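In what follows, a single structure is set out as structure tokens and then discussed.
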Amino acid sequence: MIITRGWGILGLLIPIAGILLGITFYGVDGNATLSILAYSLIGSGSITTLLGIVLQKKSLKKHDLYFLPLSVWGFIWIVAGVIAWISI
């Protein structure tokens with residue numbers, strides 16, 4: 001069960017969309033490489049962080065996924081992408 005408030009579900013959907021777009025445009029025969037995963041996670045994490053900050057300032061509602069704000073989820077995705085990039 002996904003626990004979300006406001007636009008918190010975007011913390012999960014943006015990275016999935018980023019990975020799928022990376023595979024679609026830069027994958028070899030539909031296969032993903034570790035570098036595509038790393039760059040997709042870093043890019044979508046940056047977008048999620050910025051979106052979380054903007055939504056936090058513009059609205060009074062909370063936007064979180066599993067009780068973590070959207071901007072924190074962006075930072076988590078960036079860290080995951082950096083770890084994947086280091087392990088290339």
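Since the model is a prediction, treat every value here as computed from it, not as a measurement.
Following chains of ILVMFWY side-chain contacts shorter than 4.5 Å, one cannot reach L50 starting from L21, and the two form parts of different hydrophobic clusters. Note on I86: it clusters hydrophobically with I76, by side-chain heavy-atom contacts below 4.5 Å among ILVMFWY residues. I14 and V54 sit in two unconnected hydrophobic clusters of ILVMFWY residues. Membership requires side-chain heavy atoms under 4.5 Å apart, directly or through other members. Criterion: ILVMFWY side-chain heavy atoms under 4.5 Å apart, direct or through other members. Under it, I2 and I16 are part of a common hydrophobic cluster. The hydrophobic cluster containing I42 also contains W73, counting ILVMFWY residues as joined when their side-chain heavy atoms lie under 4.5 angstrom apart, directly or transitively.
Sorted by first and then second residue, the salt bridge (charged side-chain N to carboxylate O under 4.0 Å, His left out) pairs with a member in residues 53-63 form an empty list; sequence neighbours excluded.
Between L10 and L51, the closest side-chain pair of non-hydrogen atoms falls below 4.5 Å. With a 4.5 Å cut-off on side-chain heavy atoms, I19 and L41 count as touching. Residues W85 and L37 have side chains not in contact (no heavy-atom distance under 4.5 Å, counting atoms from C-beta outward). Residues T48 and L70 meet the side-chain proximity criterion, which asks for heavy atoms closer than 4.5 Å.
Here the closest non-hydrogen pair linking S40 and G22 is OG-CA, 3.9 Å.
With rounding to the nearest 0.5 Å, the separation of CD1 in I9 from CD1 in I3 is 11.5 Å. Atoms CG and CG, from L13 and L65 in turn, are 9.0 Å apart once rounded to the nearest 0.5 Å. The OG atom of S44 lies 10.5 Å from the CG atom of L12; values are rounded to the nearest 0.5 Å.
Between the side chain of W77 and the backbone N or O of G11 there is at least one donor-acceptor pair closer than 3.5 Å. Between the side chain of S87 and the main chain of A84, a donor-acceptor pair closer than 3.5 Å is present. At distances below 3.5 Å, at least one donor-acceptor pair connects side-chain atoms of H63 with backbone N or O atoms of W7.
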